Amino acid sequence: NGDLLVGNMTNVTRINCLNGARIYQVPRGGGISGGREPVVVGDKYYLWGGAVGERVAAYDLATGQYLYWSDAIGGSQSSLFAAPDGTVYAPGGSLFALTDTGSGFTLKWASAPLAYSPFSTFAVGPDGSVYVTDTGGGRVLQLTGGSVVEIAGASSLSYPGGVACDGIAAWDGQHWS
């Protein structure tokens with residue numbers, strides 16, 4: 001409906017988009033500094049949670065109430081993100097694709113290790129492929145069903161800082177390619 005959902009190190013606040021009033025503010029339930037941004041899918045939102053952000057937590061969007069956790073999968077400095085089909089992606093040393101069953105999560109797939117991804121960005125393409133910047137290796141990787149393919153390498157990118165999809169674009173700090 002346009003309301004804002006704002007996460008920080010300790011809580012998540014829902015703000016009315018029409019008048020700026022706080023609808024709720026709830027404790028975040030753990031997590032790490034870089035993965036504090038909530039991702040909304042349907043009537044839920046998701047965050048890294050647990051003592052050190054090793055699990056994905058689901059919350060009711062209307063009330064902010066905690067619902068359930070994923071199994072432990074390892075934390076990340078990168079935020080969760082989602083695809084139009086509702087898949088929730090949890091980046092870490094590998095990328096985990098999760099399906100919310102309504103009472104928990106099932107693992108759709110997990111990628112091979114992603115090399116250096118703590119400050120990487122991610123995007124989902126129209127075909128469901130996931131793109132990730134490997135900032136340390138100067139690459140853009142494509143993940144489909146867990147397989148990893150390099151689609152742009154160090155010869156064409158000096159420090160890929162972002163990726164977006166409508167096709168694909170990467171920012172190397174100076175140029176879009």
Side-chain angles (χ1 to χ4, degrees), residues 1-7 11-14 24 26-134 140-151 162-168:
N1 70 0
D3 287 350
L4 301 173
L5 201 59
V6 181
N11 57 56
V12 174
T13 304
R14 184 170 177 179
Y24 60 73
V26 295
R28 186 169 161 227
I32 53 180
S33 62
R36 63 182 170 252
E37 300 85 356
V39 61
V40 175
V41 177
D43 60 354
K44 296 182 185 106
Y45 71 89
Y46 305 93
L47 286 168
W48 279 116
V52 292
E54 75 279 359
R55 301 184 287 180
V56 175
Y59 297 84
D60 183 277
L61 181 60
T63 65
Q65 178 182 352
Y66 160 78
L67 299 170
Y68 40 84
W69 299 101
S70 71
D71 291 334
I73 54 177
S76 173
Q77 291 279 63
S78 298
S79 296
L80 303 174
F81 62 101
D85 69 358
T87 301
V88 177
Y89 293 98
S94 296
L95 180 65
F96 297 88
L98 304 171
T99 299
D100 184 334
T101 65
S103 60
F105 296 93
T106 58
L107 179 65
K108 289 174 78 170
W109 54 262
S111 73
L114 294 176
Y116 185 74
S117 67
F119 305 104
S120 297
T121 58
F122 299 83
V124 180
D127 66 351
S129 292
V130 176
Y131 298 91
V132 57
T133 58
D134 171 12
V140 175
L141 307 173
Q142 178 186 32
L143 290 78
T144 305
S147 9
V148 180
V149 176
E150 181 179 304
I151 61 167
V163 64
C165 289
D166 179 22
I168 182 168

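Positions are given from 1 along the sequence. Quick caveat, the model's predicted, so the values are computed rather than measured.
Contact between Val41 and Gly86 at its shortest, heavy atoms only, is CG1-CA, 3.7 Å. Closest approach of Leu95 and Val130 over heavy atoms only: CD2-CG1, 3.6 Å. Here the shortest heavy-atom pairing between Tyr68 and Lys44 reads OH-CE, 3.2 Å. The heavy-atom pair separating Ala83 from Val124 by the smallest distance is CB-CG1, 3.8 Å. Closest heavy-atom contact between Val26 and Thr63: CG1-O, 4.2 Å.
In this structure, Tyr24 contributes its side chain and Leu61 its backbone to a donor-acceptor pair below 3.5 Å.
Taking the six-membered ring where tryptophan is involved, the planes of Tyr45 and Tyr59 are essentially parallel, since the angle between them stays under 30° and well short of 60°.
For Tyr46, the side-chain hydrogen bond (donor to acceptor under 3.5 Å, both in side chains) partners two or more places apart in sequence, or in a different chain, are Asp100. Scanning for side-chain hydrogen bond (donor to acceptor under 3.5 Å, both in side chains) contacts around Thr106 gives an empty result, with sequence neighbours left out.
Separation of atoms CG (Leu5) and CG (Leu47) is listed at 7.5 Å; rounding is to 0.5 Å. Rounding to the nearest 0.5 Å places CG of Asp3 at 12.0 Å from OG1 of Thr13.
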Begin with the C-alpha distance, continue with both residues' side-chain angles, and end with the deciding distance and a verdict on side-chain contact (heavy atoms from CB on, under 4.5 Å) for Leu107 and Leu98. CA-CA 5 Å; Leu107 179 65; Leu98 304 171; 3.9 Å; yes
For Tyr89 and Leu80, what are the C-alpha separation, side-chain angles and deciding distance, and is it a side-chain contact (heavy atoms from CB on, under 4.5 Å)? CA-CA 6 Å; Tyr89 293 98; Leu80 303 174; over 6 Å; no
Test Asp71 against Phe105 for side-chain contact (heavy atoms from CB on, under 4.5 Å), laying out the working first. CA-CA 8 Å; Asp71 291 334; Phe105 296 93; over 6 Å; no
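A 4.5 Å side-chain heavy-atom check between Trp109 and Ser94 finds every atom pair outside the cut-off.
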